[in-house]
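As structure tokens, the structure follows; a few thoughts come after it.
Numbers restart at 1 for each chain; the letters A, B, ... are given by sequence-line order, proteins then strands. What you see is a predicted model, and the numbers here were worked out from it, not measured in a lab.
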Amino acid sequence: MKKYGVLFLKVLTGCAFLVFADFPIILLISSSLKIDTEVFDYRIIPRHITFDAYKQVFKTLDIFTGVRNSFLVAAAVALLALFIHAMAAFAFARLNFPGKKKIFLWILSTMMIPFPVIIIPLFFMIKSLKLVNSLWGMILPMVPHAYGVFLFRQYFMEMPDALYESARIDGCSIFRTFTQIYVPLSKPMFITLGVSFFVTNWNSYLWPTIVAQDQSKYTVQILIATLMGSLRITWNHILAASVIAVIPTVIIFAILQRYYLEGIKMTGIKE
Amino acid sequence: MGKKKQGGKRRETMTAVFMIAPEILLMLVFIFIPIVHACYISLFDWNALRAKSFVGISNYMKMLKDSTFKNSILITGKYAVIYVSAIYVLSLAAAVFVNSIKGKKRQQVCRVGIYLPNTVSTIVAATLWAFLFNSRNGYINKLLTEAGLKRQLFLGSQSQALVCVAIVGIWVVFGYDMIIFLSALKDVPGDYYEAAKIDGANAVQRFFRITLPLIKGTSIFILITTLVASFQVFDQVRVMTAGGPGKATEVTVYYIFQLAFEQYRFGYASTIAVSLSLILMLVTIVQLKLLKFK
Amino acid sequence: MKSIVRNNLKKGLSGCLTVALLLGVSMGLAGCGKDVPAEDSKEAGTKEESAQGGSEKAEEKGERVEIVYWNQWTQETEINFLEKYVEEYNNSQDKYHVTFLAVPFEEYTTTKLATAFATNEAPDVFECSPAIINQYLDAGVCEPLDDIMTDQVRSDFTEAAFDRVTRDGKIYGIPLDSDLVALYYNKEMLEEKGVQPPSTWEELKEAAAKLNTENCSGFTFEVDKGDWQCFTFYPFVWMQGGNLFTEDGMANLNSEEVVNALQLWKDLLDSGNCNETPGRSVSDISILTNGETAMQINGSWSVLRADPDKYGVVPLPAASPDTGSASVAGGWNVLISNQGDEEKIAGAKDFVSWMWLDKNHVSEFNTEVKFSYCMRDSVIEAGKEVYQSNDNAITFSDKVLQTAKPEIALSGEAKEIVSIMIQDALYNMDAKAAADLAQESMLQYQKDSGAKFTG
């Protein structure tokens, strides 16, 4: 009897979490299938289902260029960032060098700066590097980030000391210890962070809008924003375009998420 | 022997420098130099279009008397409390819940389902929730009236708007933080639980005595990063409330944004930004000390 | 422990996920790098743009002067219109080559333009609405256009047309369009409740009370702080014969008329009969057409989106039966930056006068591309058919246009003071106190900066 009670509670919690997380998303999809005048009619199942908004979006926006640009930007940031952060984090977690603590605190302190403030100084920088209107101008400033270093460091530090030491005794160089022991063992962390960087940059819009100086550099999110005119806003188009923009990120997450289970591997070497 | 050790040390330092160099270099170029630039701008009266005029620390003096600024710090603080505590509790609860599901498929479905909001951009998230919060037809109000309760104004109410804005932020992020907790939970050795079970500890005791201490590092990480994020909230406010009603949701970064890009007062905006960063740094240091972070 | 280490060492590169992935992306971006040479960005941009625009001739003739034109016309019809004429212009001569960029509105007026000007990356031709135009005119970053404004062109514009774009007797901008504000209502809902479209403030309050239901607010006006709220607030002051600024340009914010208008908005919101959370900008007519409200403040831009059989338009209700209504006209002005060299400025002028002084272009833009008015007699004349095409258009053309005054162009700080005043009155204090507070800060600001405003 008690067993069923627990099960019931569990199912209830699960439903609560899923409803909170996914109801707005169901709403997003259903509204994107409505006609213009019924978008806000508060029905979950549309009165008239139509794919017009999607057709219109494909017709009026250069969605493919947008997706391509967004993909290149997001993927490049994610991969560069993973590589750089993991390397730096390894040094902070495992190696001893003078000024280590201070440098790490400095890196952490960069998280404290609100982005809107450095827009103009950053644009000066991009301009002097001749990266205005290039995808690199959108990519490079987003790569350095204390968050990633912090999380990797945390993760590496929790790996047993013996792992590092035995690799070194085996005659493995420090860098090889990193690439061949630590990197493969932290696959789940790479994926967690990689997905996060990808999604964040896929969805970012303020900075790309400032860097892009012609339409061929527009990302998906900028294209969606162009649908919000100063006086005319077509909501069903915006929602349809948003659904299209969400699909790639969801696919990537769905594919990669099975790797999380590999975290279990770690347990064997914990002690 | 001593020489060899020294050589090893030097090599270690060299390797470390080599490994942190790319990160440091990029940070220098794209974060530190712009920050220094922003500090420099904060000493000027500058509207972005005209030449700067040097005013020294008078921007800082002005800030001390600026009631909007003080108010915005207060609101940011309130937001931080709501946001950080809610995210911590929710994402940890979700992680524990998902972790306890038996069956790979079911676990995956739940994980994807809870993570999904993280893929939605803020503009869309804010628009969707504005739907839900609508004072008349919003689904939440429909539920409330259905349950015999009074309908609420939500975004139109000075006391509720900030919470509503926070909910949107929480909605977007908690699934992601759940994933991070999840990976920490997976590393908690199963035999610990077995041992505790034999000792007769119930689920709640097991959670507080075993799980929580073992994932302390992750907890600290989540607390610090969400705190920092909460101080920088801006997107949702811009889309959902424009700082209103009244000044109920005018958080500091939104105030900075308005000063800079709506009023073109870049000098003063930088002043406030620099000060906000300092405050945030202080809060974080206190937090690190309190959490005994090493 | 050792076995794990050994295993991983043996696996060697196969485990080295990062390196492999990095290789993949660097190849991807190298590909993208090729079509995006990271040399002078502007040139790279324009080359691509021209290829997009279809005039590939330009690419070979590298010696043409590049003119960059930014605006916020991102809607499909607007982009098509601009593409068509920019291409036509580029083909009509071989001295200049124009490329345009339509920037999402939200970023255009805020971060995009400001960042570009701050870093000397300004476009040669750009557009401003009254909400931001003062920043640019006051900063002296614009080029006077008197030499292209011939007397003949000038006489075509209405008297007030250049009020917002004149500094020291020189004209700096070309007004493109005028958007007017009025009251839209749902015919069926009003009929059902036996309510006449309101013509006075009292009637507006009564109508809102009668029309308000659980699911549908009686009346919707802007409650969110910002430019649009100020924009729709002004006419309520003007219709009483009042102004927000005195004749000599000083603050007049605690005048009776301003306080009355604030009080009206406050009463409406407090009555509970109005839309407390529109959820999106009230400039969006879909609040009315989706059945969320029975009456809504909105403008001429929605004439073609609101079916005249279902929705009607009346001028904004007057303060009392014996005073008139008023409206406000906002719109965009084309400006030329003086940051470029002489050649660029000459080219920008040439393009602007070809593009935006041509009566036919402006007329097409205001009547076919979108629905808006224009402060040029010839355009109104030419668009007669469209401006009289349905009842709502007729209301705007015959009743609203005549009562419209141009939007007040405020500086950033002044705009903030007015915005805060409205928010304060709606949420924080009584109308008089909010007005007094705003008056005080505005006077202080004007004293410090010497700024003067009209309207």
Side-chain angles (χ1 to χ4, degrees), chain A residues 13-14 17-18 21-22 24-25 27-28 40 42 84-85 87-88 90-91 95-98 107 109-114 116-118 120-122 124-125 140-141 143-144 147 149-151 154 158 174-175 188-189 192 196 199 203 221 242 246 249-250 253-254 257-258 260 263-264 266-267 270, chain B residues 12-13 15-17 19-20 22-23 26-27 29-31 33-35 37-38 48 94 97 108 110-121 124 128-129 131-132 137 175-176 179-180 182-183 186-187 189 217-218 221 225 228 232 234 253 256-257 260 266 269-270 273 276-277 280-281 284:
Chain A
T13 336
F17 273 123
L18 287 178
D22 294 330
I25 296 196
L27 198 65
L28 166 68
F40 292 87
Y42 295 94
I84 289 172
H85 294 340
M87 220 161 61
F90 179 78
L95 305 182
N96 281 312
F97 54 94
I107 289 185
S109 73
T110 59
M111 282 204 296
M112 320 293 166
I113 293 288
V117 189
I118 56 166
I120 287 190
L122 197 55
F124 269 118
M125 185 55 84
L140 289 179
V143 172
Y147 183 88
V149 187
F150 193 9
L151 189 54
Q154 201 69 31
E158 278 167 14
I174 295 174
F175 193 69
M189 202 30 59
T192 312
S196 156
V199 169
N203 286 338
Q221 300 300 338
S242 304
V246 163
T249 49
V250 173
F253 178 74
Q257 61 114 16
R258 63 200 175 89
Y260 287 126
I264 296 165
M266 288 291 300
T267 44
K270 265 267 139 148
Chain B
E12 190 172 330
T13 307
T15 316
V17 168
M19 289 180 94
I20 62 170
E23 181 83 51
L26 284 174
M27 281 201 165
V29 172
F30 295 113
I31 302 181
I33 296 177
I35 288 174
H37 195 155
F97 166 72
Q108 283 194 6
C110 276
R111 205 159 47 197
V112 176
I114 294 175
Y115 174 77
L116 220 47
N118 196 243
T119 57
V120 178
S121 69
V124 176
L128 288 172
W129 279 93
F131 253 134
L132 294 166
N137 299 302
Y176 181 71
I179 299 280
I180 293 181
L182 212 48
S183 68
K186 293 234 182 272
D187 288 341
T218 310
F221 174 80
T225 51
V228 170
Q232 304 190 354
F234 154 69
V253 177
I256 293 171
F257 181 85
F266 287 93
S270 302
L276 176 70
S277 309
L280 181 50
M281 241 176 262
T284 311

Could you look at [X] and say if it's the side chain, the backbone, both or neither that has a heavy atom under 4.5 Å from chain A?
X      : answer
B/I114 : both
B/V17  : neither
B/A16  : both
B/V112 : both
B/V228 : side chain

Distance (rounded to the nearest 0.5 Å) between B/I20 CD1 and A/M87 CE: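 Reported to 0.5 Å precision, the distance equals 10.0 Å.
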[X] versus [Y]: any side-chain heavy-atom pair under 4.5 Å?
X      : Y      : answer
A/V117 : B/F266 : no
A/P121 : B/I33  : no
B/S277 : A/P114 : yes
B/F234 : A/P116 : yes

Partner chain B: residue of [options] with the largest heavy-atom pair count (under 4.5 Å):
options                : value
A/A91, A/S242, A/P24   : A/P24
A/M111, A/Q221, A/M112 : A/M112
A/I113, A/T110, A/L18  : A/I113

Residue among B/L116, B/T119, B/N118 satisfying side chain to side chain contact (heavy atoms under 4.5 Å, CB included) with A/T249: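 The side chain to side chain contact (heavy atoms under 4.5 Å, CB included) with A/T249 is passed solely by B/T119 among B/L116, B/T119, B/N118.
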side-chain contact (heavy atoms from CB on, under 4.5 Å) assessment of A/V199 paired with B/Y115: CA-CA 12 Å; A/V199 169; B/Y115 174 77; 3.6 Å; yes
Per-residue contact mode, A/I120 against chain B (heavy atom under 4.5 angstrom):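 Only the side chain of A/I120 comes within 4.5 Å of chain B.
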Ring geometry between A/F124 and B/H37 (parallel below 30°, tilted from 30 to 60°, perpendicular above 60°):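 If you compare the ring of B/H37 with that of A/F124, the planes turn out parallel.
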Sidechain-backbone polar pair: A/N96 side chain, B/E12 backbone, donor-acceptor under 3.5 Å: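 It does not hold such a pair.
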Ring centroid separation A/F253 to B/Y176 under 6.0 Å: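 No.
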